[in-house]
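Convention: sequence-line order gives letters A, B, ...; per-chain numbering from 1. Values below: all heavy atoms of this structure, side chains included; hydrogens, waters and symmetry mates excluded.
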There are 2 protein chains.
Amino acid sequence: MNIREVAKRARVSTATVSRTINGSDKVKPATAARVRKAIEELNFLPNTHARTLVSGKSHILGLIISDITNPFFPDLVKSFEDEAVQRGKEIIIGNTDYNAKRMAGCIRRMVERKVDGVAIMTSESDPALLEDLTRRNIPTVFMDTGKPGPHWANIRVDYGQGIREAVHHLVTLNHRRIAFITGPMNLASAQTRCSVFISSLKAHGIFDSALIEKGNHRIEGGAMAMKALLKLPRRPTAVIASNDLTAIGALGAIHEMGLRVPEDISLIGFDDIAFAHLTNPPLTTVVLSRKQLAATALAALDALMQGRRDSLANLTIPTHLVMRSSTRAI
Amino acid sequence: MNIREVAKRARVSTATVSRTINGSDKVKPATAARVRKAIEELNFLPNTHARTLVSGKSHILGLIISDITNPFFPDLVKSFEDEAVQRGKEIIIGNTDYNAKRMAGCIRRMVERKVDGVAIMTSESDPALLEDLTRRNIPTVFMDTGKPGPHWANIRVDYGQGIREAVHHLVTLNHRRIAFITGPMNLASAQTRCSVFISSLKAHGIFDSALIEKGNHRIEGGAMAMKALLKLPRRPTAVIASNDLTAIGALGAIHEMGLRVPEDISLIGFDDIAFAHLTNPPLTTVVLSRKQLAATALAALDALMQGRRDSLANLTIPTHLVMRSSTRAI
DNA sequence: CTGTTAGCGCTTTCAT
DNA sequence: ATGAAAGCGCTAACAG
């Protein structure tokens, strides 16, 4: 079943069928109607591979993420897919599993499938692997990785804003001993969150380096760090975690030690993953909108594909505090 | 950059390059080596669309799910992708959003992209929409939807086993007033869980229809149902929820009423989503392995594509209880 | 407005 | 063991 059968049935040439499908204005309405009828009757759907072959555009977008089971990503994937489908594009997803070899495989698959563009939304990222995309001039948008170039765009996330709001919120609540549980410090984004925390506290004149504890953006890391914090001679009255998973781990540790949130300790997370409002108590956290991130990525990809480099000037995603029930005044 | 440039550089014909790529044994090793060298030097990757066009096989698999942000699915998607990539296949994902129109769109996309097969893992499913897949002889595997046919396979999930284990566990713990919070009763899988629960309780001679409350497989449904249950003159001592989200909602409601799990009420979920062991206390639940589900789906698709209908005989995924800390003896 | 035709990049007979 | 050439389904000149 192909375009020729449709042409035959509508008694026109394949060119006319093609024109009708692609909405060319130079097909006589009556002819177009006949073609559409034939398409309908035969239940014809054009072969995208053939279209890609001749047009050079696959209408496929690649999305490379670290790990779909990391609760940060499902929202992102969904929003990205929504936006893509709205534009008549398909997406193929690559999970790197935080692993360079798999990342290389993802990129290979993207190139083979001739994606029109790719969005790389991993926390980690090895520039060497990305060379292939450059060489083939594949429009690429990064999250927070700062590579400039003719076919590259970079979306920045304003982590600072959310952290400052979190600190301000706690200070307003009279907290002075505020701890921070970091992420893995090889991550630029984790570094930023930590350094903004430090500078915010210094601005308030309440910074104490003993109150910085290292985590790993996972539950157990948060729990371990929190336990260390609770063993301090003068323990903190509030804790900000570098992400929600860390905060959830910290929450567990606090409960385990027989303390309560927010009565004994106030707690703030980061990201606003789906489960952040399902914890007990619901977690006050910093929202990083994946929907906005996805929309911005697709807009950037569009701009890149159309050579509109001007609209790539300032791609920044804000973050902001959302108050729930894990913080309270002392 | 295409196969002709490689051929030119290796001073062979395109046919020889093609044979080399596809591992044909009738290429002289020396020639093959020369070709591989050229491929390497040019960094050539074959165009999958051209290959698909001539071979008729896209090496793409479709995966249709309800909603990637439903915590049941990320694990499934990941396992499915892993298995697919291992087989050298790509996957494209469709989210139906529990919506017939979107489901139709998903199927259309799959057909357009000429997928080699599709796995439909939605809870809901409208047979009429699937006609297109039948007509085009696209191998299709369903989760729990029981459509037989030459190009169809159906994976059953043995919900009963897990529910029976849950009931048995509670009975062993001396519980006699055991409640059940259902899912949406238009879902076959929710119905099964409920009816097995009822028959299990009857088998133990402890069934009380007042202890069945309706939920919707979402958090608030679980919370609402639990509140109703707690208002009963003689409230249950244990509750089984039709899925983990429901159990999490119930847990919140129990806490909200000032009661404790498992001291006052024992609670069991279903699915074992990622957050089931992050609740406080960690949730005793029934595991439905998404990894196994994905592996089985891919095996079934393989069998369908190769016409090995015999290996499709008994595709059943077991479920079993995993004990954590939300249940206790009375 | 419509048809004819030359490819897009690859695989696959069919020759040699 | 290798090459020449046809053709997968479609689009895009070009011609009329």
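- A straight line from CD1 of B:I39 to C1' of C:dG9 spans 14 Å, rounded to a whole angstrom.
- Between B:K37 and B:E41, at least one side-chain N (NZ, or NE/NH1/NH2) sits under 4.0 Å from a carboxylate O, which counts as a salt bridge.
- Mapping B:T14 and B:A50 onto DNA chain D by nearest heavy atom places B:T14 closer to the 5' end of the strand.
- In this structure, A:R135 pairs ionically with A:D132, as a charged nitrogen and a carboxylate oxygen lie closer than 4.0 Å.
- Checking the phosphate oxygens (OP1, OP2) of D:dC10, no side-chain nitrogen or oxygen of A:R51 falls inside 4.0 Å.
- When the side-chain nitrogen and oxygen atoms of A:T31 are compared with OP1 and OP2 of C:dT2, one or more of them lie within a distance under 4.0 Å.
- Regarding A:H49, its NE2 atom lies at a distance of 19 Å from the C1' atom of C:dG7, rounded to whole Å.
- Of all nucleotides listed (D:dG3, D:dT11, D:dC8), D:dC8 comes nearest to the side chain of B:V54.
- To the nearest angstrom, C1' of C:dG3 lies 17 Å from NZ of A:K8.
- Here A:R19 does not reach the OP1 or OP2 of D:dA12: none of its side-chain N or O atoms lies under 4.0 Å away.
- Rounded to an integer number of Å, the gap from CZ of A:R113 to C1' of C:dG9 is 15 Å.
- A donor-acceptor pair shorter than 3.5 Å cannot be found between the side chains of B:N22 and B:S24.
- In this structure, B:R290 forms a cation-pi arrangement with B:F72, its terminal cationic atom sitting closer than 6.0 Å to the ring centre and no more than 45° off the ring axis.
- Applying the 4.0 Å criterion to OP1 and OP2 of D:dT11, one finds that A:N22 has a side-chain N or O inside that range.
- Nucleotide C:dT5 holds its P atom 17 Å from the CD1 atom of A:I3, rounded to whole Å.
- B:R308 and B:S311 form a side-chain donor-acceptor contact under 3.5 Å, judged by distance and modelled atom types alone.
- In the set C:dG9, D:dA5, D:dA1, the nucleotide with an atom closest to the side chain of B:A15 is D:dA5.
- With C:dC10, C:dC8, C:dT5 as the candidates, the nucleotide lying closest to the side chain of B:P46 is C:dC10.
- In this structure, A:R4 atom CZ and C:dG3 atom P are separated by 16 Å, rounded to whole Å.
- OP1 or OP2 of D:dG3 sits under 4.0 Å from a side-chain N or O of B:T16.
- Counting to the nearest Å, the C1' atom of D:dC8 and the NZ atom of B:K57 are 15 Å from each other.
- Taking atom CD1 on B:I21 and atom C1' on C:dC10, their separation rounds to 9 Å, with Å as the unit.
- Phosphate proximity of C:dG9 to B:N2: present, with a side-chain N or O under 4.0 Å from OP1 or OP2.
- Comparing D:dT2, D:dA5, C:dC10 by their closest approach to the side chain of B:V27 singles out D:dT2.
- If you check every strand for non-hydrogen atoms under 4.0 Å, A:V12 touches sugar and phosphate atoms only.
- Between the side chain of A:H49 and the main chain of B:R113, a donor-acceptor pair closer than 3.5 Å is present.
- Among the atoms of the strands shown, base atoms are found under 4.0 Å from some heavy atom of B:K26.
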